[in-house]
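Note that the coordinates shown come from a computational prediction; the quantities given were computed from them, not determined experimentally. All chains are named by letter (A, B, ...) in the order of the sequence lines, taking the proteins before the strands, and each is independently numbered beginning at 1.
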Amino acid sequence: MSETKKDFLRAIVEEDLKAGKYEAVHTRFPPEPNGFPHIGHAKSIVLNFGIARDFNGQCNLRMDDTDPTKEDMKYVEALKDAVKWLGFDWGKKVYFTSDYFGKLYDYAVELIKMEKAYVDSLNEEEIREYRGTVTEPGRRSKYAQRSVEENLDLFERMKNGEFEEGAHVLRAKIDMASPNMKMRDPLLYRIRHASHYRVGEGWHVYPMYDFAHCLSDYMEGITHSLCTLEFENNRDIYDWVIETLGLKPPRPYQYEFARLNMNYTVMSKRKLLELVEGGYVNGWDDPRLPTIAGYKRRGYTPESIITFCEQIGVAKANSTVDVAQLEFCIRDDLNTKVPRVMCVLDPLKVTIENYEGSELLDASYYPHDVPKEGSRKLPFSKEIYIDRNDFSEHPPKGYYRLTPEQPVRLKHAYIIACKEVVKDAEGNIVEIKAEYYPDSKSGSDTSGIKVRSAIQWVDAASAKKAEVRVYDRLFKCEAPEGLDDLNPDSLKVIKNALIEPAVIEEKPDVRFQFEREGYFYADPVDYSDENPVFNKIVGLKDSWAKKEKPKPQPAKKQKQPKPVQKEGEVAPMSAEEQGRYDRFTHEYKLNPEVANTLARDEKLSHFFDEAVAAHESPVTIANIVANDVARVFKENGTDSLTFGAKEVAELAKMLDEETISSKIAKQVFEEMTATGKAPETIVEEKGLKQISNPAEIAPIIDDVIAKNPDNVAKYRDGNQKLFGFFVGQVLKATGGKANPKVVNDLVREKLEA
RNA sequence: UGGGGUAUAGCCAAGUGGUAAGGCAACUGGUUUUGGUCCAGUCAUUCGGGGGUUCGAGUCCCUCUACCCCAUCCA
């Protein structure tokens, strides 16, 4: 993990490792076994196991099974299958939160003893009511007053099953007025008399996610607990539990990333379940579903899914990935892997009138650009089938295939020409009578005939009948909202496709490219040699189809007039703020924006006044205070400042006297906030005084110009952007000390010369 | 409405004050016995809007806007 691009999570891990915060990284993939895994899980699996692999750490597979009413062993198996299928190794054992019920209970008891948790006996409705709303604080239940002894007794009896469900809950005692709703005395345990799929009947209380998850992470020695964005608000509880219990380090920290969304499909458990239970698809492994089982059954390779997950990256912005990206990954993977064979989806009979007998043609399984060996014999005789799409009686412009006037090559065989089109009573084409050119045999063609296209075909006598299931997007729109958006043509079953015999007799693979059609997979469930069934994995790119009927492209990007953005109202200033503002603008002649920033912030105003008292240079000081000091205040708060107004005044003075450049001033300021040293000392120690002597700067510029002839040419060619590049290079060469104004002038002068 | 997040091309996404990476999609052209692959090329004067600071801002400051998450005894 060095030269490859890092996502923000890997950056955090690397930094923590470098800082010695942990000895090794330890992640976990913690699904609740209450549904079948989908490609969103794959993203998380690839992330968690991938980070562990990249940094030589470990990744646990943990079933987060704290709700006995929802979970089931079949989901555990499905989850394990998914991880295994993707090629990751969870080590010795699968972890279960349910294995920690005992320890978790002990931690809860500890919290009660610390008076940080209490048994609440409000009912569900009351609890909701007491919680308040996002704008109003909640209020604490009277039961929060219970003594430690009473809480201990009650909690134990809850565990023993003495109470009805809902009679009591265990809650953390945090803050009912917290602006974070999650922190308003979150529930830790609830009573459930349900039987747990793993631990059975023993327990009558079950821990909640917020209590169990952080502690499970801690107990397993997890270092980085990665979860999706919707848990951002839960992070405070995560930290609270670990801190309140005073657990000894190292402890895990939670980081959040955006979950995967993809267009033309749905990803939520609820919606997926609706599709399956409603019979809109054929089970959890329906190849149209974005479930791991679906992709697997459809014929996707684990490699392609992993590549996809790596390509889309990990970030914090909610986004919807184009399914075309996934399709690219599987095509790209299969292109170099699978044999090419011929299958005719919509057969049209062709009789080659001047051909007699039969022969076996040599045909490689792989095209010239795939470095793999292997071939089969292709039977050829008088009667063959081609695809109906590959003949056109009245061809559109640009049609390369067979027409009454245009010959075509039969892939791996001869060139044929159409002699007669046979139609039925309704005028449908039922057969083509054709002629072949004996000297045009593939590999030894001396006919000199040029054709535009080579099409797939099968020999009538030896071809096998096959069922081909052609899948299209499950939904007809990018962001489906409900069942109404289902694509009625998402599954097309072709019963009478014809396939060359070698596919069944030789079985060179289970995945194939059906030449010129796409990639297909022998269905692992329904396939038999007697009744072959193939699933379409993905089609080939088809630039002819695109040309023939162009998609209704959303009107080309006309330089649209920028949508005017509504501007909200700015809160009016208080009298006090207004007073400061007036003073700053009149007395000190500050720019209104800067004055505004300062005036609206009491601490900044005060800081500013103090600094000006030390050095009478209001404008310079105001700029530093309103920009840089404001940032420090924002980031670190105003307590524990390492510098005071006096230091800022000194900095301003050096700036005013041009001892240092504004660029260096930023650097000095950083140093000042980090170490608390006086600006003069920093400048002195690091030798940061500005270089303004042109004689000193000029040779450096010459050097930069000499080293970048390409960019000089580009600049002189009119690429004005490069000006900044040269200035930057010169500044870099001088450690930022060159006076940028002088550099600018000199660079311009020399470049224009 | 309080709090927590996010905003860079049609879709993802790098980018930590000095030339707006990369992938997908799209579009040219070349090679091709797959209208595939491959190869060469095009595709952001600009980073949600407006101001400010700076020689220089996608990056720092102020402000506005839009979207997502939180008031399950789910996770």
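Ion pairing between D120(A) and R171(A) holds under the 4.0 Å rule for side-chain N and carboxylate O. With respect to R409(A) and D445(A), a salt bridge is recorded, a charged nitrogen being found less than 4.0 Å from a carboxylate O.
Distances shown here put a side-chain N or O of K634(A) below 4.0 Å from the OP1 or OP2 atom of C62(B). Between U54(B) and N623(A), a contact under 4.0 Å exists linking OP1 or OP2 to a side-chain N or O. Contact check, R128(A) against U72(B): a side-chain N or O comes under 4.0 Å of OP1 or OP2. The side chain of S319(A) contributes an N or O atom lying less than 4.0 Å from OP1 or OP2 of A13(B). Checking the phosphate oxygens (OP1, OP2) of U37(B), no side-chain nitrogen or oxygen of R340(A) falls inside 4.0 Å.
Taking atom CG of residue L229(A) and atom P of nucleotide G5(B), one finds them 10 Å apart after rounding to whole Å. M573(A) places its CE atom 12 Å from the C1' atom of C62(B), with the value rounded to the nearest Å. One can place CD of E129(A) at 17 Å from P of A71(B), the figure rounded to the nearest angstrom. Taking atom CD on E569(A) and atom P on G50(B), their separation rounds to 20 Å, with Å as the unit. In this structure, Q325(A) atom CD and G10(B) atom P are separated by 16 Å, rounded to whole Å.
Checked by atom type, the side-chain pair Q254(A)/E256(A) shows a donor-acceptor distance below 3.5 Å. Side-chain contact check for N739(A) and S661(A): no donor-acceptor pair (N or O, by modelled atom type) lies under 3.5 Å. Remark: the D67(A) side chain and the T69(A) side chain contain an N/O donor-acceptor pair separated by less than 3.5 Å.
Scanning atom types as modelled, one donor and one acceptor separated by under 3.5 angstrom connect the side chain of K663(A) and the base of G18(B).
Within 4.0 Å of G443(A), counting heavy atoms only, lies at least one base atom of the nucleic acid. N234(A) comes within 4.0 angstrom of a base, heavy atoms only. Nucleic acid contact class of V594(A) (heavy atoms, under 4.0 Å, all strands): sugar-phosphate only. Across all strands, V570(A) comes closer than 4.0 Å only to sugar-phosphate atoms, never to a base (heavy-atom distances).
The partner of A40(B) is U28(B), by the rule that a Watson-Crick or G-U pair needs both atom distances under 3.5 Å. When both pairing distances are held under 3.5 Å, U34(B) makes no Watson-Crick or G-U pair with any nucleotide shown. Here A57(B) sits opposite no nucleotide as a Watson-Crick or G-U wobble pair (both hydrogen-bonding atom distances under 3.5 Å). Pair check for A20(B) finds none; no Watson-Crick or G-U wobble contact set falls under 3.5 Å. The partner of A9(B), taking Watson-Crick or G-U wobble pairs whose two distances both stay under 3.5 Å, does not exist in any strand shown.
Both stacking criteria are satisfied for Y400(A) over the base of G35(B): a centre-to-centre distance under 5.5 angstrom and an angle between ring planes under 30 degrees. Under the stacking definition used here (centres under 5.5 Å, planes under 30°), the residue Y209(A) fails to qualify as stacked on the base of A75(B).
Residues from residues 446-456 of chain A with heavy atoms under 4.0 angstrom of RNA chain B, sorted by number: S453(A), A454(A).
Look at the C1' atom in both C70(B) and C27(B): the space between them is 45 Å, to the nearest Å. When the P atom is used for both C24(B) and A66(B), the distance is 36 Å, rounded to whole Å. Distance check on atom P: G52(B) versus A57(B) gives 12 Å, rounded to whole Å. Look at the C1' atom in both A44(B) and G15(B): the space between them is 14 Å, to the nearest Å.
Y206(A) does not carry R192(A) over the face of its six-membered ring by the limits of under 6.0 Å from the centre and within 45° of the normal.
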